[in-house]
Protein chains: 2
Amino acid sequence: MPINLTKKQLRNTGKGVESFSSVSSPRTNSSDRRRPGTVSIRDVALRAGVSIATVSRTVNRIPTVNPELAERVWKAIEEVGYLPNTQARALVSGRSHMLGLIVSEITNPFFPELIQEFESLAVAQGYEVLIGSTNYDPARTESLMRRLLQRNVDGVAVMTFGIEEDLVQKLVEREFPLVFVDAGPDLPNIHVLKVDYAEGIRQGVQHLAALGHRSIAFISGPLSQRSPKARREAFLKSMAELGLRVPPEHLVEGNHTMEGGIVAMEKLIALDTLPTAVMCSNDMTAIGALHALFRTTLKVPEDISVVGFDDIHLAQFMLPPLTTVQMSCKALAAAAVEALRAGIEPDHSKARRKEWPIPTRLVVRQSTAFPRGSLPARVSAAPGKRGDAD
Amino acid sequence: MPINLTKKQLRNTGKGVESFSSVSSPRTNSSDRRRPGTVSIRDVALRAGVSIATVSRTVNRIPTVNPELAERVWKAIEEVGYLPNTQARALVSGRSHMLGLIVSEITNPFFPELIQEFESLAVAQGYEVLIGSTNYDPARTESLMRRLLQRNVDGVAVMTFGIEEDLVQKLVEREFPLVFVDAGPDLPNIHVLKVDYAEGIRQGVQHLAALGHRSIAFISGPLSQRSPKARREAFLKSMAELGLRVPPEHLVEGNHTMEGGIVAMEKLIALDTLPTAVMCSNDMTAIGALHALFRTTLKVPEDISVVGFDDIHLAQFMLPPLTTVQMSCKALAAAAVEALRAGIEPDHSKARRKEWPIPTRLVVRQSTAFPRGSLPARVSAAPGKRGDAD
DNA sequence: GCCCAGATGGGAAACGCTTTCTAAAATCCG
DNA sequence: CGGATTTTAGAAAGCGTTTCCCATCTGGGC
């Protein structure tokens, strides 16, 4: 064992390690087929004249190392430019410190905002994030999930809908930490972010009603998915609470994209009884609706009010600035990261919580106003040409 | 060493393993602190009654395995639900099959489009992507780079600007595959995507000039960065070619965000000599400019023409649809992935190329038109109140 | 002076895989 | 039919860490 000997010798030189300071290149180490320039814990150990165990302990700040020794090790680390290899760490510790984040559509501006929040929180906790966009394709979701598992992520936040049940089943058996939005099986280590659609949407409906609107349409998202359905339900419930009728032609299905919003709005415009206000299942839809309206002679908000959902950054820059229901992506991201940590780190404080409420609230901007022909205080009873549909 | 013995025994059971086939749960294996439900190559080997080496060879499709045996192994893999552990693979092979992608701002819609392209190409080649957004902060860039290195990514595409030179230097020593946009050191394994700003921007300027514009302003990006500077240079050059003067007050600096575009446009609006057309360094800036104009009585394109750069998806949905210079993010992503592969996979075909041209071209939509008071065929000499400033 | 704790650091196993080396079986050839 | 050659599969050596266990050293109490 010549290496061993060398090490012993090195150690016995004690403090005389400085004599090696002139050795500038760390690549003069043992191994063969390693990528050149890679520095391993062994190089540090050699340089500092200690064992790799000590280096490891120093790096992980385990208190049983002599401070003096530790300092020598840190110096050596600095000198050789050592970066611990995360893969090896993951292999031995069983934890990769990577989280998966699955979103439905990265090109929908809501998600980059969410991703950014999620990522910065995760990084602050020492996690890396693997991002996947499913584009609403269940097959993609599944292959994505498989890839994430193979990469040994410590947990996955599924910020989308329509995941295969049996895949979940498999993961559940492993007690694999998962986070869903809106709904998920009630099983150990499955956390659910419960978005309070009802509250925000009720605020929206009541805001419109208070302005004098009675005929309010709703452009939904793809109804094959849970969250869009939940949003529509919330709308219908709020309308019913106020005793407002929603004729079926005022419920049109979009697809949460701008194009979908345009098409849906055009359908509404073509109706005989144009609603005086439109609520949309998300902001992109609302933006599409604004565009469709802009191409006609109808003015927003004078002729028709529009309300969005999400409160993406873009919303406030619309013309007019969009009144919308805010679903804080900060809150969403924070809850997701916390929930995953709870599942991953055994002694994490909030480990027992299973459901995480996400509040929503209306943000009033300038895309909503009194319907034409009615004023707020003095309710002029005369219905305009597209007045009260009740 | 009782543990050691146990292991040896397990291994020595050798071929007599078929007797274990009835053991249905894969979690009855040796290890202690492994996450429950994790299946390793050893479980497959036990199940199939072969050595782990054979399983490995089967999985990697190495042709020296007896087809009959291979089939048995595949069956066992299926039965126990084996997924190779990527970390372990990476550790031994030295290649992680992960790529880093650094963008400047994930909330700028151009980048999600780019990310999506990049990711799908990378995945098709068997790579995972780690995404990082720098938000124009060099410190963030550096820590991001460090994180990526620690994760052992096989290469990084830096689709942003302002990376620390000395960090690059360190990587270059390792012959670490890197891709930059516009400019980068001419060193082995550093690839550069050369965007042909000149062509697209010239087309834009000539389009405006052909319509009769003589007074064209330019809203740039942050001039501390290379790419925005390059775009501005290209604009100035194209103007000079046509003999058109650009007064300094017609060159205003934005920051590649919508807010920046609004502020910049407001500066232009406040001028005595309003330009008849504005070119913008990117689409978000142009969108901001449109918004600023919309708040005034000025009409686009009747009173002022606006041209963007990037051709993000949103551009065609603007009101009016935005005339813009297209920089194909498909081309950008494809070149980046190819370049990285060239640096990573020794026998990759295009390994020798160092610079990758990215074409740009004008896409004419409806935000550009004749300047007020001038018509294309019959040039009415009478200048309007904000006519030709030349 | 001796024995026993209590620190503290090193040796070595283990994580799951790839790959080389080696040995056994199968094939060929004279 | 025996020896040489070719398949083919297993054993084992890592990859870069962490961590358990044990050895050494120090100091204190008798």
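Note on naming: letters A, B, ... go to the chains in the order of the sequence lines (proteins, then strands), and numbering restarts at 1 for each one. All of these numbers come straight from a predicted model, not from anything done at the bench.
Here C:dG11 is the nucleotide among C:dC17, C:dG11, D:dT17 with the atom lying nearest to any side-chain atom of A:Ser51. Proximity note for B:Asn85 (side chain, C-beta onward) versus C:dG10, C:dT19, C:dG16: the nearest is C:dG16. For B:Arg42, whose side chain is taken as the heavy atoms from C-beta onward, the closest listed nucleotide among D:dT18, C:dG10, C:dC17 is C:dC17. Distance from the side chain of A:Ile41 is smallest to D:dT18 among C:dG16, D:dT18, D:dG10. Of the candidates D:dT17, C:dC17, D:dA9, C:dC17 carries the atom nearest the B:Pro84 side chain, counting heavy atoms from C-beta on.
Atom CZ in B:Arg89 sits about 15 Å away from atom C1' in D:dC15, given to the nearest Å. Note: CD (B:Glu68) to P (D:dA9) measures 10 Å, nearest angstrom. In this structure, the NE2 atom of B:His97 is 15 Å from the P atom of C:dC17, given to the nearest Å. D:dC15 atom P lies 18 Å from atom CZ of B:Arg95, rounded to whole Å. Whole-Å rounding puts the A:Asn60 CG to C:dG9 C1' distance at 15 Å. Residue A:Tyr82 contributes atom OH, which lies 7 Å from atom C1' of D:dG16 at whole-angstrom precision. Rounded to an integer number of Å, the gap from B:Arg72 CZ to D:dT8 P is 15 Å. Rounded to whole Å, the distance from CD on B:Gln150 to P on D:dG16 is 15 Å.
Of the residues near DNA chain C, B:Ala88 and B:Ala53, the one whose nearest nucleotide (by heavy atom distance) lies more toward the 5' end is B:Ala88. For the pair B:Val65 and B:Leu91, nearest-nucleotide mapping onto DNA chain D gives the more 5' position to B:Val65.
For D:dT8, the OP1/OP2 oxygens have no side-chain nitrogen or oxygen of B:Thr64 closer than 4.0 Å. Phosphate proximity of C:dT18 to B:Ser93: absent, as no side-chain N or O sits under 4.0 Å from OP1 or OP2. In this model, the phosphate group of C:dG16 is not approached by any side-chain N or O of B:Ser40 to a distance below 4.0 Å at OP1 or OP2.
In this structure, B:Ser56 reaches the bases: a heavy-atom distance under 4.0 Å links it to at least one base atom across the strands shown. Residue A:Leu83 is in sugar-phosphate contact alone, with no base atom involved, counting any heavy-atom pair closer than 4.0 Å across all strands shown.
Side chain of B:Asn189 to backbone of B:Phe176: no donor-acceptor contact under 3.5 angstrom is found. The closest donor-acceptor contact from the side chain of A:Asp154 to the backbone of A:His97 lies under 3.5 Å.
A salt bridge is absent between B:Arg72 and B:Glu68: the closest approach of a Lys/Arg side-chain nitrogen to an acidic carboxylate oxygen does not fall below 4.0 angstrom.
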Subject >> Full working for side-chain contact (heavy atoms from CB on, under 4.5 Å) between B:Ile52 and B:Ile41 >> reply: CA-CA 6 Å; B:Ile52 61 166; B:Ile41 201 172; 3.9 Å; yes
**OP:** Go through the steps to decide whether A:Leu121 and A:Arg341 satisfy the test side-chain contact (heavy atoms from CB on, under 4.5 Å), and finish with yes or no.
**Re:** CA-CA 11 Å; A:Leu121 290 172; A:Arg341 288 223 303 149; over 6 Å; no
